[in-house]
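Note sheet for the following structure.
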Number of protein chains: 2
Amino acid sequence: MLKDDIVAVPHECVDCPIRHRAVCARCEPDELAELEEFKYYRSFEAGQTVVWSGDRMDFVGTVVSGIASLTQTMEDGRTQMVGLLLPSDFVGRPGREGAAYDVVATTDLTMCCFRKKPFETMMETTPHIAQRLLEMTLDELDAAREWMLVLGRKTAREKIASLLSIVARRDATLRKVTMDGPLVFDLPLTREAMADYLGLTLETVSRQISALKRDGIIHLEGKRHVTVPDISVLMEEAGDDSDGGMLV
Amino acid sequence: MLKDDIVAVPHECVDCPIRHRAVCARCEPDELAELEEFKYYRSFEAGQTVVWSGDRMDFVGTVVSGIASLTQTMEDGRTQMVGLLLPSDFVGRPGREGAAYDVVATTDLTMCCFRKKPFETMMETTPHIAQRLLEMTLDELDAAREWMLVLGRKTAREKIASLLSIVARRDATLRKVTMDGPLVFDLPLTREAMADYLGLTLETVSRQISALKRDGIIHLEGKRHVTVPDISVLMEEAGDDSDGGMLV
DNA sequence: CGCGCGTCTTGATCTGTGTCAAAGATATAC
DNA sequence: GTATATCTTTGACACAGATCAAGACGCGCG
């Protein structure tokens, strides 16, 4: 039995990321009070599809735990990941009818959702929210365009290094040590998911990771636990200029 | 002598795209009146850079005529185009300090600009504008993500076919005939610009265009004038499902 | 008219990544 | 403990596209 259903509808949720990050950065806490009754949680198992491209998407929400991804698929099965959603990331397209791409649970996933209609109503009455959403969308656009450079012009090795440095610095919860020391984290993606993100095959991903390991750029314990002795060396491999910026 | 300077500051501009498309879709005509005094035009020659990545960008605006592109460049010179701006397209990142990528005039270019500060002020007082900008940014995000599929997973031939069908249907002014008949238009990009957009070399672009010509998918007069006898055949080549959607 | 310069085409060859195949890890179930 | 499934690594080989190189075309200008 799948877990694709509403698991809880609490009217109080102190830890909900939508409050402090996605929407409410500049709002008074009680500005969202009227939305509480339209809030609910949904859980998904790794591999489940949250929404299919083209389907009506009647909610917006944020990732509470786990990882979701946005993917596009061609008829013959070739797929490209176009977005990676880590905890606290926002999903949803206010003002849009349907989803533009599949939303897939890459790991087990919990999302905090609001029904879209009341959310949009609130957007109209609370200008800060539209501005905050614009800001978030601009961030996503920057990330997407950075990825276009990765997809279009970087070699397989550079792609892997780019992905590693992005994942490492994106999700603070994965980050075990500070910027200047060695960086230790767990890869939240399978080789296949990495391949879909980078426009490679999973074999190439595996080979390049092995190569980075062999060259001492990274160390691996098991398949997922990564140690980066020197972050600037990794960034060098990624072909990024100086500090690279925040991607994904 | 370059043309990178203000060429006119008219206080009346009936045809300015920013009025009817970029910003004012839902605004009363006089809502922008207060901005008129901050409006000006700038012209650039093909090849000139409008803003450098990282530079302070103190204006927003729309393309009036010509084509601009957003590009990213690596230290070793590899470049990837990440946005293509046709007439009536909006440029600028309200709420952001600097530019995130180079803005380059791909052809001779005229832009209609507003100083950013007063524009942002108006955004705060006119909620429709923030909502309209959010909508536009979501469109750009969709386009960027569609391009990620092109860059990451399509073959060279599919890339060319994708670009042709996108350019053909994007800019109404280039469109000489209706959807169902043959499509005739002038390519506004050099082979090199196409290559930068598609993550290919210009030689590969040239070869693939020749191949499409040889196979009767397109006809060429000179280097730029394209005729597409059957659009659905071209879309088939692009690997798009049914109606493809609006990209770029 | 011929010259020079940028754009485009085409050819020959090289190489990075994909494809196909098999076997090694690791985890979960029995 | 063994069995089964999933994920990962590694190898051998093929091919799409890059690279290097030479011309062809078009166009402005003397």
Side-chain angles (χ1 to χ4, degrees), chain A residues 45-48 67 74 76-80 105-108 150-164 186-215 218-226 237 239, chain B residues 45-48 74 76-80 106-108 150-164 186-215 218-226 237 239:
Chain A
E45 285 176 356
Q48 267 189 281
I67 293 190
M74 298 172 66
D76 62 5
R78 282 176 282 176
T79 80
Q80 175 66 49
T106 294
T107 64
D108 287 349
V150 173
L151 290 171
R153 294 300 188 193
K154 292 196 177 177
T155 65
R157 172 183 263 242
E158 289 169 334
K159 286 179 175 183
I160 298 292
S162 298
L163 179 58
L164 289 177
D186 289 308
L187 262 180
L189 301 173
T190 64
R191 301 291 185 262
E192 188 183 20
M194 296 174 71
D196 283 344
Y197 210 140
L198 297 171
L200 298 170
T201 60
L202 67 90
E203 292 95 329
T204 298
V205 169
S206 180
R207 273 188 253 270
Q208 295 299 334
I209 288 180
S210 298
L212 289 176
K213 195 170 59 175
R214 172 167 22 81
D215 298 346
I218 61 173
H219 298 280
L220 276 187
E221 282 171 47
K223 282 112 187 352
R224 301 293 193 83
H225 192 74
V226 182
E237 290 291 339
Chain B
E45 285 175 356
Q48 268 190 280
M74 298 173 66
D76 62 6
R78 282 176 281 176
T79 81
Q80 175 66 49
T106 295
T107 65
D108 288 349
V150 173
L151 290 170
R153 293 302 188 191
K154 291 196 179 180
T155 65
R157 171 183 264 243
E158 289 168 336
K159 286 179 176 183
I160 298 292
S162 298
L163 179 57
L164 289 178
D186 288 307
L187 262 180
L189 302 172
T190 65
R191 301 290 186 262
E192 189 184 20
M194 295 174 71
D196 283 346
Y197 209 139
L198 297 172
L200 298 170
T201 60
L202 66 89
E203 293 95 329
T204 298
V205 170
S206 180
R207 272 188 252 272
Q208 294 299 333
I209 288 181
S210 298
L212 289 176
K213 195 169 58 174
R214 172 167 24 79
D215 298 347
I218 60 172
H219 297 280
L220 276 188
E221 280 171 50
K223 281 106 179 20
R224 301 292 193 82
H225 192 73
V226 182
E237 290 291 337

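All values derive from a computational prediction rather than experimental measurement. Every chain is numbered from 1 and lettered A, B, ... according to where its sequence line falls, protein lines coming before strand lines.
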Salt bridge (Lys or Arg N to Asp or Glu O under 4.0 Å) filter on Lys154(B), not counting sequence neighbours, yields Asp240(B)

Pick base, sugar-phosphate or nothing for Gly47(A), based on heavy-atom distances below 4.0 Å to the nucleic acid. nothing

Between the side chain of Glu221(A) and the main-chain N/O of Val226(A), is any donor-acceptor distance below 3.5 Å? no

With Arg153(A), which residues qualify under salt bridge (Lys or Arg N to Asp or Glu O under 4.0 Å), at least two apart? Asp196(B)

How many whole angstroms separate atom CZ of Arg191(A) from atom P of dT10(D)? 10 Å

Euclidean distance, atom CG of residue Leu202(B) to atom P of dC20(D) [Å, nearest integer]: 13 Å

Residues Ile160(A) and Met194(A): closest non-hydrogen pair is CD1-CE, 4.5 Å

Partners passing side-chain contact (heavy atoms from CB on, under 4.5 Å) against Thr201(B) (at least two apart in sequence or in another chain): Glu203(B), Thr204(B)

Side chain Asp108(A), main chain Ala46(A), donor-acceptor under 3.5 Å: yes

Which heavy atom in Ile67(A) sits nearest to a heavy atom in Pro188(A), and how many Å separate them? CD1-CB, 3.1 Å

On DNA chain C, nearest-nucleotide positions of Ala156(A) versus Lys223(A): which is more 5'? Ala156(A)

Under the salt bridge (Lys or Arg N to Asp or Glu O under 4.0 Å) test, which residues partner Arg78(A), sequence neighbours left out? Asp76(A), Glu158(B)

Provide, to the nearest angstrom, the distance between the CZ atom belonging to Arg224(B) and the C1' atom belonging to dC25(D). 14 Å

Which residues in residues 203-212 of chain B have at least one heavy atom lying under 4.0 Å from any atom of DNA chain D? Glu203(B), Thr204(B), Arg207(B)

For the pair made of CG in Leu200(A) and P in dT9(D), what is the distance, rounded to whole Å? 14 Å

What integer distance in Å separates Met194(A):CE from dC7(D):P? 15 Å

Between Gly222(A) and Glu192(B), just flag the one whose closest nucleotide in DNA chain C comes earlier from the 5' side. Glu192(B)

Straight-line distance of Ile218(B) CD1 to Leu164(B) CG, nearest 0.5 Å: 5.5 Å

How many Å lie between CD1 on Ile160(B) and C1' on dA16(D), as a whole number? 14 Å

Looking at dC7(D), I'd like to know if its phosphate oxygens (OP1 or OP2) sit under 4.0 Å from a side-chain N or O belonging to Thr190(A). no

The criterion is side-chain contact (heavy atoms from CB on, under 4.5 Å); which residues satisfy it with Ala211(A), sequence neighbours excluded? Arg157(A), Gln208(A), Arg214(A)

Residues passing the side-chain contact (heavy atoms from CB on, under 4.5 Å) test with Thr190(B), sequence neighbours excluded, are Glu192(B), Ala193(B), Arg224(B)

Between which nucleotides of DNA chain C, 5' to 3', does chain B make heavy-atom contacts below 4.0 Å? dC8(C) to dA12(C)

Net bend of the helix from dC1(C)-dG30(D) to dC30(C)-dG1(D), end axes of five pairs each, nearest 10 degrees: 30°

For a quick check of understanding: with a heavy-atom distance under 4.0 Å over all strands, which category does Arg153(B) fall into, base, sugar-phosphate or nothing? nothing

